[in-house]
Amino acid sequence: MPGFYDFRAIEAKWRQKWRDDGIFHVKRDKSKPKYYLLEMFPYPSGKLHVGHLRNYAIGDAIARRKRMDGFNVLHPIGWDSFGMPAENAAIQHKSHPYIWTRNNIDEMRRQFDLMGISYDWSREVATSHPGYYRWTQWIFARMFDEGKAYQKKSFVNWCAHCHTVLANEQVVEGNCWRCDCTVEQQERVGWFLKITDYAEDLLTGLNELEGQWPDRVLTMQKNWIGKSYGAEVDFPIEGGGVIKVFTTRPDTLYGATFMALAPEHPLAMELAKGTELENDVKNFVKQTIAQDKTERTADGVEKSGVFTGRYATNPLSGELIPIWIANFVLIEYGSGAIMSVPAHDQRDFEFATKYDLDIKLVISPDEESVNKTPEQLELDSDALVEAYTGDGVMVNSGPFDGLHNREEGIDRVVAYLQDKGIGKRTVNYRLRDWGVSRQRYWGAPIPIVHCGECGVVRVPDDQLPVVLPTDIEFPENGLSPISGLDSFINTRCPKCDGPAKRETDTMDTFMCSSWYFNRYTSARCDTTMADMEDVDYWMPVDQYVGGIEHAILHLLYARFFTRFLKDIGAVGVAEPFSRLLTQGMVIKDGAKMSKSKGNVVPLDDMAQRYGSDATRLFILFASPPERDLEWSDDGIDGAFRFLGRVYRLIDTNIDTIRGGGEPPEGLDGLPGNLADLRRTTHKTIARVTADFEKFHFNTSIARIMELLNKLTTALKPTDDPVACAVFREAAEAMVVMLQPFTPHLSDELWERMGNNGYVIDHPWPKADPRCLVEESIVIVIQVNGKLRGRLNAPVDISREDMEKMALANEKVADFIKGKTIQKVVVVPGKLVNIVAR
RNA sequence: GCCGGGAUGGCGGAACUGGUAUACGCAGGGGACUUAAAAUCCCCCGGCGCAUAGCGCCUUGCGGGUUCGAGUCCCGCUCCCGGCACCA
C-alpha cells in the first residue's frame, strides 16, 4: 500500500543492515578528529521505560550528529552491574545475583538495540565481570601502594536495612540513599580512600569547567568540598596536654570563654576521668552518640552539653576557661573541638546563655567602644540578645584593641600565634575521606589479605583478579555469603606464604563507575587498565550526559579517580568530562517515572505501537533536555503522525523527487513559489543547525515540522527538472536533519530517494547564504509602542523611506489625530515607532 | 535560614542582543472524504467588549521602576522545584 508507514518493517530492516555492516564500530584513527560521547552507564535493573530512554536518546542524537560533522565518534555502553538490587532480588527469588544481572543485561541490550542507539557494542563492559573488576582491584592496589587507600576505625554510617556501611555522599538527609532508612553511627574498621588529598585540586579544577558544566553542579560540588580559611590554635589543658581547634575567626580569640568537644572526641571521656563529673559525662556522651545523626542535628534541636570539670587556658587572654562537651560539635569537622565565642557566634551564644557561661564582647560595631572601660564592655556583653556576627573594631583584646577585625585583626592575630608557635594559618575542608568497604556480597572483592605475621598485605598484581566466588549461599542472618566462606577466606600470605585470611568486605560500586570511561577506549585490553595510546587518543569524554542525581556522588568520585590515575601515569588528563549535560526527569502523573512509583511507560509498548523513531522523537520534542519532561500518551501520537506525514509525502511523490538533480545556484531565476520553498529549506537548515548546537532538540524538531508543512503545500507532481530539484533538496534536507532523531526512517527514505549508503555518513547540510536572501521585508509600525500596522517594503529600504511610509499610513493618522509627534524611532529593516502625545 | 533554578493559552512548550507575545505539537470545535467508523486532508482555536467580513481594549505569577518600546533589564513581593543546612 503506497503511503503506508510500515515502521515495524522499516526499523527491523535498517537495524539489521547497520549490524551487518558494523557501522558503529569505531577504531582509533589519528587522521580524524575524535569525539567521545558518553551517557552515564545504567544499572541493569531489568526492563527499560521511556524515562530511561531520555538519557540515551539525547546522547544518541549528539553522537549521530557529530559523526555527520566528520568526527570519529566513540559512543560506547556498558553495565554498572555490581550492587545491591541484584543481591536482594537473588535472595528474594532464591537465585543468584549473577543470573539476575545477566538476564537483565540481555534484556536491556535488546532494548537499546531496538531503539537504534548507535553503540559500538564491541566495547561493552560490565563492572561485575572479572575482566573488568580485575582493573578496579588493580586501581585499589595502586592506591594502597601510594598510601591513598587505608584502613581505620571510625564512626561510620550504617544502614541496618541494607546491612552495610555507606559513604557520606550516600547519606541523604540522614537516610540511606537507596532504601531511605535511617542511618546510624557505628564504630567500625573499614577501608577509606584519601579523596581529601585532592580536595584543593578538585575544587580549583571546577574553574576550568565553568560554562561547560551546569552551574548548579559546580556549586554543589564546591559546597560539598566546603573550603574555609582560618587558623588552627592550640589550647593548653590545665594539668597537661593540648586541645587543637580550627576557627575561621581568629579575630575573636580573646572572646573564647569556654571550649566544647564533640561527644565522640577521644579526650571527652579521658578529661572527666577521676572528677566527680565522670558519671554525668559518661551518660551524656553515651546518650548523644546513641542518638541518630538526623535527630541530633535536626533544625531547632536544643543545644545541650556537660561540663568535664576541667579547664584550658585561652592562649591569648591567659584566662582559664571551662572545657565542655556539646552535642552540636561534630567529630567529623575540623578537629572535633571548638573554641566558643558566645558574643560572636550564635550557637555558642545559645549554649552560653543556657549554661550561664561568660559572654565577652571582643568585636564592636561602634568605633567609640575602644575607649570604654572593661566594666562598660561587660555591660555591653550582658546587653547582647544574640551574637554579633558582623564586623567591627576589636576591643577587650589586649594589643589588638582598635584594629578592624577583618582588615587587620585576623592577619595580626594569626601572625602572633604563628610567632609564638601556638597556632598557624590553615584551611579546612568539609570533604571527608571516602569509606569504600561494603559488607555485602555482590561487589568487587577488596584485594587485601590479613596475615598474622605480616599484617595487611595487598594481593600482588599477578594474582588479580581476586575472583568473587559464585558458588555461594545466602545465610539467613543477612551477612554476606563470603564473610563465612572458608574456601574464600583461607589463603596464604603473598609475602611469607603463611596462613592468612582474605578481606571479605567488597568495594563500594561507585569505585567501579569511577573509571569505566577509560576502559571503553580499549575494553578488551588484558595487560593494563586501558591501553595508553587509546586512552590518550579518546580521553577526555567530550560530552557526558546523565542525571543530576550524580552531581556529587559519581561525578566527584570520577574526578578524584581520574586525578589519581593521572598522578600514577595511567591516564593523561585530570578532568574526565569536558562538558556535562544533565537531563531533567521524566514525570508522569506528577511523579518521577519509576518502577517503585508504578507509573512507568514500558519502552517495548511504545516501540510496538509507534516505533522506536516516534518514541525517540517525542521524548526529544516534548521538552528541552535540561528541563523536566511531562510524559503524554497523546503527545507521542503527534510525533507518530508527523513521521507518517513525512513518509507519505515522500513516498507518494517519489518520482517527482527522484526526477530532481542539483538545483541551480541561489534564488535568481526561480519562480516565486519555488524561491519561497528554497528559502524556507535553507532557513530551516540554518535554524536547526544553530538550535542543535545548543542541544535545543525541541525547537530543532519544531523547525523541521514547519519545513514539512511548507513542503506539503508546495510539492506537486511535475516533470520540470528545476522544480523537482528544489523539491528534492527540501525533502533530502528534512530527512538528513531528522537522522539524529529518527535514524531508521531517515535511512529508509534516503534510500528510496535514490541515494546510496547511510545518512549518518552524509555530511550535515549547510545553509547557502544566497538562498537566505529575502525579497521583501515586513516593517512593523507602532504608535506609542503599540502595534498599529505592518507594511511590506524592499529589503534595502532607507530609514527616511521607512519613516515616510509609516507617517503616510492611514491607521497611524487615526491614532495621532489631535496629538503632536514628538519623536519617530526607526529600527532599520524592522520597525517604526511614532511617539505622539 | 542560605545558595541555585523556575512561573507564558485548556496542556507540553516558542520568542535572536530590549523591537510583530503565544512558533511547533497536544487537546478541543467545525468541515471534506466514507454506507459508517478509523485513518487522512482543510479551516478555527488567549480573554473581554462592540456598531461583529471588522474594530477596540486587556493579557507572559503579583506590585513598582527604567525605556519611544519590557516575557526579556532593575527594585520589592508571592508561590513552586532542587541543593545545602549547628561546618566552628
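Hydrogens, waters and symmetry mates are skipped; everything else that's a heavy atom, side chains included, is used. Just so it is clear: chains get the letters A, B, ... in the order the sequence lines come, proteins before strands, and each one is counted from 1.
Among the atoms of the strands shown, only primed sugar atoms or phosphate atoms (P, OP1, OP2) are found under 4.0 Å from some heavy atom of A:S228. Residue contacts for A:D215: at a heavy-atom cut-off of 4.0 Å it reaches no nucleic acid atom on any strand shown. At the heavy-atom level, A:Q782 lies under 4.0 Å from base atoms of the strands shown. If you check every strand for non-hydrogen atoms under 4.0 Å, A:N428 touches nothing. Heavy atoms of A:G334 sit nowhere under 4.0 angstrom from any nucleic acid atom. Base engagement by A:V329 is indicated by at least one non-hydrogen atom pair under 4.0 Å involving a base atom. Backbone-only engagement by A:K786 is indicated by non-hydrogen atom pairs under 4.0 Å involving sugar-phosphate atoms exclusively.
Comparing atom distances between the A:R703 side chain and each of B:A88, B:A23, B:G12 picks out B:A23 as nearest.
B:C50 sits 40 Å from B:U40 when the C1' atoms are compared, rounded to a whole Å. Rounded to whole Å, the C1' atom of B:C80 lies 15 Å from the corresponding atom of B:C62. Taking the C1' atom of each, B:G9 and B:C81 are spaced 23 Å apart, rounded to whole Å. Nucleotides B:C55 and B:A51 place their C1' atoms 10 Å apart, quoted to the nearest Å. Between B:C42 and B:U67, the distance separating the two C1' atoms is 45 Å to the nearest Å. To the nearest whole angstrom, the two P atoms, one in B:G65 and one in B:U59, are 14 Å apart. Separating the C1' atom of B:C16 from that of B:G71 is a span of 14 Å, rounded to the nearest Å. Separating the P atom of B:G25 from that of B:C77 is a span of 42 Å, rounded to the nearest Å.
A:N223 has no side-chain polar atom (N or O) that falls below the 4.0 Å cut-off from OP1 or OP2 of B:A85. Applying the 4.0 Å criterion to OP1 and OP2 of B:C84, one finds that A:R430 has every side-chain N and O outside that range. Applying the 4.0 Å criterion to OP1 and OP2 of B:A14, one finds that A:R627 has a side-chain N or O inside that range. The phosphate of B:G19 has neither OP1 nor OP2 within less than 4.0 Å of any side-chain N or O from A:K830. When the side-chain nitrogen and oxygen atoms of A:N698 are compared with OP1 and OP2 of B:A14, one or more of them lie within a distance under 4.0 Å.
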task = Would you write the dot-bracket representation of RNA chain B, where each base gets (, ), [, ], | or . depending on whether it forms a Watson-Crick or G-U pair under 3.5 Å and with which partner?
result = (((((((..(((......[....))).(((((.......))))).(((((...)))))..(((((..]....))))))))))))....
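For the residue pair A:N428 / A:S228, no side-chain donor-acceptor distance below 3.5 Å is found, with atom types taken as modelled. A donor and an acceptor atom, one from each side chain of A:N709 and A:R645, are located under 3.5 Å apart.
Whole-Å rounding puts the A:F815 CZ to B:C55 C1' distance at 9 Å. Between the P atom of B:C24 and the CZ atom of A:F741 lies a distance of 18 Å, rounded to the nearest Å.
Across the interface with RNA chain B, nearest-nucleotide mapping of A:D345 and A:S632 shows A:S632 to be the residue nearer the 5′ end.
Taking the ring centroids of A:F7 and A:Y647, they lie at or beyond the 6.0 Å cut-off. When ring centroids are compared, A:F697 and A:F692 come within the 6.0 Å threshold. Annotation: A:F642 is not in aromatic contact with A:F621 [ring centroid separation under 6.0 Å not met].
Ring geometry for A:H550 against A:H554 counts as perpendicular: the plane angle is over 60°, on a 0 to 90° scale with 30° as the lower cut.
Residues A:F258 and A:A352 come closest through the heavy atom pair CE2-CB, 4.0 Å.
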